[in-house]
There are 2 protein chains.
Amino acid sequence: MDTLTPAAAADRTGVSLETLRYYEREGLIGPIRRSPGGRREYTEDDVFWIGLVTCFREAGLGIADLRGFVALLRAEHPAQDRVAFLRERRAALEERVAALHRAIGVLDEKIAYYG
Amino acid sequence: MDTLTPAAAADRTGVSLETLRYYEREGLIGPIRRSPGGRREYTEDDVFWIGLVTCFREAGLGIADLRGFVALLRAEHPAQDRVAFLRERRAALEERVAALHRAIGVLDEKIAYYG
DNA sequence: GCTTGACCTGGAGCGCGCTACAGGTCCGAG
DNA sequence: CTCGGACCTGTAGCGCGCTCCAGGTCAAGC
């Protein structure tokens with residue numbers, strides 16, 4: 001079979017078991033298919049999706065934002081709504097990049113001063 | 001006098017009164033000079049410094065990080081230690097920028113797909 | 001002097017994003 | 001068949017960064 005046990009999925013994604021369950025509970029991933037005995041079986045698609053979620057989490061998006069993203073990709077909203085939402089999110093991320101560049105600028109100033 | 005009341009300082013910096021007190025308590029700013037009656041009097045320098053703190057907070061640095069930054073700028077550590085610390089912080093911020101760009105890339109993909 | 005409102009301190013409370021734990025179930029190795 | 005470890009659910013706890021509140025003090029306007 002080409003599914004992964006929870007431990008293997010955690011290992012592959014770098015996300016802890018607890019957090020994987022948490023994400024599933026929060027609707028960010030899954031629901032993950034279960035074995036007859038009730039154990040989770042992660043597919044490669046699941047792993048890929050978890051990677052996306054992790055990517056956005058690392059970029060600083062909150063759980064609620066991610067939930068919105070999931071809802072969007074699964075929903076039956078018209079394409080233009082999706083694009084509007086995506087552009088909005090994109091702009092927010094660009095603003096975060098700008099904030100980081102401001103902070104980096106301050107650091108560079110200080111480094112120049114002490115260097 | 002050219003000092004600001006707490007309310008004025010909050011207004012100028014965009015930081016709430018409570019948060020200003022919190023930052024002072026945590027050692028991120030001040031201690032702020034007091035009037036005979038015990039009220040805080042913010043100077044322009046204080047306001048400037050609060051701006052720096054806000055800049056770094058917006059960039060995602062934590063309170064502990066900021067405390068380290070404050071300690072550095074006030075401390076008697078050798079210049080090379082300061083520079084090392086600053087470069088380290090800078091690298092961490094660059095990594096955050098990279099994470100943001102990865103997320104933006106994903107959004108762009110989706111936008112292209114739906115657009 | 002009296003009122004009113006901005007300010008003070010100390011401490012409790014909150015939302016977020018996990019993280020840990022208790023108590024039970026499943027299942028492969030021996 | 002038994003054992004042990006990975007897994008299950010549900011719930012409690014934690015650290016962070018504020019935010020709010022109680023109960024009191026200071027000071028400007030009437």
Side-chain angles (χ1 to χ4, degrees), chain A residues 1 3-43 46-47 49-70 92 96 99 103, chain B residues 1 3-43 46-47 49-70 92 96 99 103:
Chain A
M1 57 162 122
T3 59
L4 299 172
T5 63
D11 193 54
R12 275 278 297 280
T13 61
V15 177
S16 79
L17 284 169
E18 301 288 353
T19 301
L20 283 178
R21 286 198 277 264
Y22 170 68
Y23 284 173
E24 189 177 349
R25 217 161 44 233
E26 294 297 318
L28 269 50
I29 58 176
I32 304 298
R33 189 158 51 93
R34 301 304 185 97
S35 74
R39 275 85 191 290
R40 288 177 181 81
E41 294 177 332
Y42 294 85
T43 66
D46 290 331
V47 169
W49 182 259
I50 292 164
L52 283 186
V53 168
T54 301
C55 175
F56 285 121
R57 286 291 303 122
E58 285 172 352
L61 276 78
I63 301 300
D65 292 318
L66 269 293
R67 208 147 36 204
F69 192 71
V70 173
R96 294 181 71 98
Chain B
M1 61 162 118
T3 60
L4 299 172
T5 64
D11 194 52
R12 275 277 298 281
T13 61
V15 176
S16 80
L17 283 169
E18 299 289 353
T19 301
L20 283 178
R21 286 197 276 264
Y22 170 68
Y23 283 175
E24 190 177 348
R25 218 164 40 234
E26 295 296 319
L28 271 50
I29 58 175
I32 304 298
R33 189 157 51 92
R34 300 304 184 96
S35 75
R39 274 86 191 291
R40 289 177 180 82
E41 295 177 332
Y42 293 85
T43 65
D46 290 331
V47 169
W49 182 259
I50 293 164
L52 283 187
V53 168
T54 302
C55 175
F56 285 120
R57 284 291 303 121
E58 285 173 351
L61 276 78
I63 301 300
D65 292 319
L66 268 294
R67 209 148 35 204
F69 193 70
V70 173
R96 294 181 72 97

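In what follows, chains carry the letters A, B, and so on, assigned in the order in which the sequence lines appear, proteins first and then strands, with residues in each chain numbered from 1. As a basis for the values below, the full set of heavy atoms in this structure was taken, side chains included, without hydrogen atoms, waters or symmetry mates. Predicted, not measured: the structure shown is a model, and the values here were computed from it.
- One N or O on the side chain of B:Asp46 and one on the backbone of B:Thr43 form a donor-acceptor pair closer than 3.5 Å.
- An OP1 or OP2 oxygen of D:dC18 is reached within less than 4.0 angstrom by no side-chain nitrogen or oxygen of B:Ser16.
- Pairs engaging residues 60-69 of chain A under the salt bridge (Lys or Arg N to Asp or Glu O under 4.0 Å) rule: A:Glu26-A:Arg67, A:Asp65-A:Arg89 [sequence neighbours left out].
- When the side-chain nitrogen and oxygen atoms of A:Thr19 are compared with OP1 and OP2 of C:dG17, none of them lie within a distance under 4.0 Å.
- Listed by chain and residue number, A:Phe69 satisfy the ring-ring contact (aromatic ring centres under 6.0 Å, His included) test with A:Phe56 (two or more places apart in sequence, or in another chain).
- Phosphate contact (OP1/OP2 of D:dA6, side-chain N/O of A:Arg40, threshold under 4.0 Å): absent.
- Qualifying salt bridge (Lys or Arg N to Asp or Glu O under 4.0 Å) partners for A:Arg25, counting only residues two or more places apart in sequence or in other chains: none.
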### Query
Quick one: what's the B/S/- string for nucleotides 23-30 of chain C, heavy-atom cutoff under 4.0 Å, read 5' to 3'?
--BBS---
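- With sequence neighbours excluded, no residue forms a salt bridge (Lys or Arg N to Asp or Glu O under 4.0 Å) with B:Arg39.
- Atoms CG (A:Asp65) and P (C:dG17) sit 8 Å apart, rounded to a whole Å.
- For the contact set between residues 20-31 of chain A and DNA chain C, defined by any heavy atom under 4.0 Å, the members are A:Tyr22, A:Tyr23.
- Taking every heavy atom of both residues into account, B:Ala7 and B:Leu17 meet most closely at N-CD2, 3.7 Å.
- Remark: C1' of D:dC16 and CD1 of A:Ile63 are 15 Å apart, rounded to the nearest angstrom.
- A:Leu61 approaches A:Leu66 most closely through the heavy-atom pair CB-CD2, 3.5 Å.
- Ion pairing of A:Glu24 with A:Arg21 is absent here, as no side-chain N (NZ or NE/NH1/NH2) approaches a carboxylate O to less than 4.0 Å.
- The backbone N or O of A:Gly30 lies less than 3.5 Å from no partner atom in the side chain of A:Trp49, so there is not a single donor-acceptor pair.
- Here C:dG17 presents its P atom at 15 Å from CZ of A:Phe56, a figure rounded to the nearest Å.
- With rounding to whole Å, B:Leu17 atom CG is found 15 Å from D:dC21 atom P.
- Look at CG on A:Asp11: it is 13 Å from P on D:dA6, rounded to the nearest Å.
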